Amino acid sequence: MDVIKTDLLIIGGGMSGCVAALRAASHGLDVVLTVKEKDPLECNTYHAQGGIVYKGKKDSPEELAKDILVAGDSAGYPPAVKMMTKEGPKLVKEILIDWANVPFSTDSSGDLHLTGEAAHSVRRIIHVDDFTGKAIETSLMKLVKENSNISVNTMCVAIDLLTEQHHTNDLMAVYRKPTCMGAYLFNIKSQRVDAYLAKATILATGGFSRIYLFTTNIEGAIGDGFAMGHRAGVDLINMEYVQFHPTAFRYKDSKCFLISEAMRGEGAVLKTPDGNTFMKKYHRDGSLAPRDVVARAIHKEMFENKYPHVLLDIASYMKAEKIKTRFPNIYETCLAHDVDITSQPIPVVPAAHFACGGVKVDLWGKTNIDRLYAIGEVSCTGVHGANRLASTSTLECLVWGDRAIRAIIKDKDYYLEYDPPKIKEWIYTGVEEPDLALIHQDMNVLRYVMWNYVGLDRTKERLKRAIEDLTHLKEDVENFYRYTTLSRELIELRHAIHTGLLVAQSAWLNKRSLGCHYRRS
Ligand code: SIN
């Protein structure tokens, strides 16, 4: 087992991980940032389309805070919302516009173009056409790679967090505050496990929506950080609040492509397959109602009328040339699957999109475990409450990515003087070759269970069945994990099932329908 020592270990290279790495490096910390993929750009941030909240013409932090709390069904944490709405727009300017030079779209007078999205009371979102995430991630990762204080280790799959309580032979550790000292990571290239020892560790592993059959998320978004955190003893909250994006284009089997809410913000309207509008029946804001309301309404229309999908019509409301320049990514992708959005409506369905809950953190990204922080989607700052307002997740990444490092730098001596104790050697218990058919089938079972029983429409019976099925599956997979040689697929399956069970249990325990958690019984 190789032991890699660093000041700061960041697990995950999306927007929050990059911001934290750059901030830490600028204070002279030695940073190791690990990612699962060969290409560090491949993360959910890269595929985000809509944009990031900035500030509208007649806007204020208070107006933004009101919209966030209303969209979150009044279950958001006001101090976190207040802080983010005050600090966020300043950081957009400082980090994204002035430092990373993200090429945000401008209007004809050269000002930043402001777009609207559902449940925003004003147009306040800046964007780069419809590939904002790609532009942000590319700009930030370029700075990360150029920075000599940051090492980017690719193809490393986190297995578990290292804690003094679980991974040393120190019998006294259980009497102290739980302390994180890094993580075990599986190196896909060497097929070996390495121990990363760090004075501070940041979980920036993203979300878990890929544990659902239909999702807008990338392959790797299976909940690594939630499962590792839970095994290490972190507090997790609001796990039942899984946001379903109303408009995904389902183009092949279960594959989905996000159709940005910005399209409805620019005038597109939801219709039934026979061309009738229906959203006003559900909310006075029609197609621009809060995301949870729209997703449930589509689900209901599809279920009751046996529609395979509903339609999103932009062609009737925007000129063809404008569609192509405002939504080039969506236009090209739909065209590649035989839908010309300049003349045809897009068939859309809801799909799992975002985890509003996660590892409980304070206003500085601190968890209940010493030396462990969580930022981005894996964390629960309380900002999103029971349902997230569009284009606030990127803002949250920026604010907490910055704040976690401010907290570490404020206590720099405390962090840097720490010398992680000797850890137990990793023992390779698995000897049997992994059977990929079993791993894929177990992952499929998980995705069906989550979609059908822990989805948009939850009942006591469905949740009970989900917990029974997943408990059984988890036991099988834990056994399988012990006697099988390690692989990315196996590690991810273990994380995914653990996370799925956490979501199902939270949904079971919360009998009250709120935001995106809807229970019929
Ligand atoms: C979208 O473009 O609709 C997604 C943006 C978000 O989830 O905030």
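Remember, it's 1-based here, ligands and their atoms both numbered in the order they're listed. No experiment lies behind these values; they were computed from the predicted model shown. Just so it is clear, the values below take in all heavy atoms, side chains as well, and ignore hydrogens, waters and symmetry mates.
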Inset, instruction - Without swapping roles, check the side chain of H120 against the backbone of V122 for a donor-acceptor pair under 3.5 Å. - result: no
Inset, instruction - Check whether more than 12 heavy atoms from other residues, nucleotides or ligands sit under 6.0 Å from atom NZ of K271, and answer yes or no. - result: yes
Legend entry - From F249, W451, Y251, F244, residue fulfilling ring pair (Phe, Tyr, Trp, His ring centres under 6.0 Å) relative to F214: W451
Legend entry - Heteroatom distance test (R388, ligand 1): nitrogen or oxygen, under 3.5 angstrom: yes
Inset, instruction - Mark up the atoms of ligand 1 that fall under 4.0 Å of a heavy atom belonging to E261, in ascending order. - result: 1 (C), 2 (O), 3 (O)
Legend entry - Subset of ligand 1 atoms that lie under 4.0 Å from at least one heavy atom of G50: 2 (O)
Legend entry - Nitrogen or oxygen of A390 less than 3.5 angstrom from that of ligand 1: no
Inset, instruction - Provide the number and element of each atom of ligand 1 under 4.0 Å from a heavy atom of E117. - result: 1 (C), 2 (O), 3 (O)
Inset, instruction - Could you establish whether H353 and ligand 1 come within less than 4.0 Å of each other, counting only heavy atoms on the residue side? - result: yes
Inset, instruction - Check R291 against ligand 1 and report side chain, backbone, both or neither, counting heavy atoms closer than 4.0 Å. - result: side chain
Legend entry - Enumerated ligand 1 atoms positioned under 4.0 Å from heavy atoms of H245: 1 (C), 3 (O), 4 (C)
Legend entry - Closest approach of any protein heavy atom to atom 2 (O) of ligand 1, naming residue and atom: S260 OG, 2.7 Å
Inset, instruction - Looking only at non-hydrogen atoms, find the nearest pair between K366 and A407 and report the distance. - result: CE-CB, 4.5 Å
Inset, instruction - Report yes or no: does a heavy atom of S391 sit under 4.0 Å from some atom of ligand 1? - result: yes
Inset, instruction - Could you pull out the closest heavy-atom pair between S139 and P103, with the gap in Å? - result: OG-CD, 4.4 Å
Legend entry - Enclosure of Y317 OH (heavy-atom neighbours >12, cutoff 6.0 Å): yes
Inset, instruction - Please state whether Q243 comes within less than 4.0 angstrom of ligand 1, counting heavy atoms only. - result: no
Legend entry - Any N or O of T392 closer than 3.5 Å to N or O of ligand 1: no
Inset, instruction - Of all the heavy-atom pairs spanning I341 and C334, show the shortest one and how long it is. - result: CG2-CB, 3.7 Å
Legend entry - Sidechain N-carboxylate O distance under 4.0 Å for E94, R23: yes
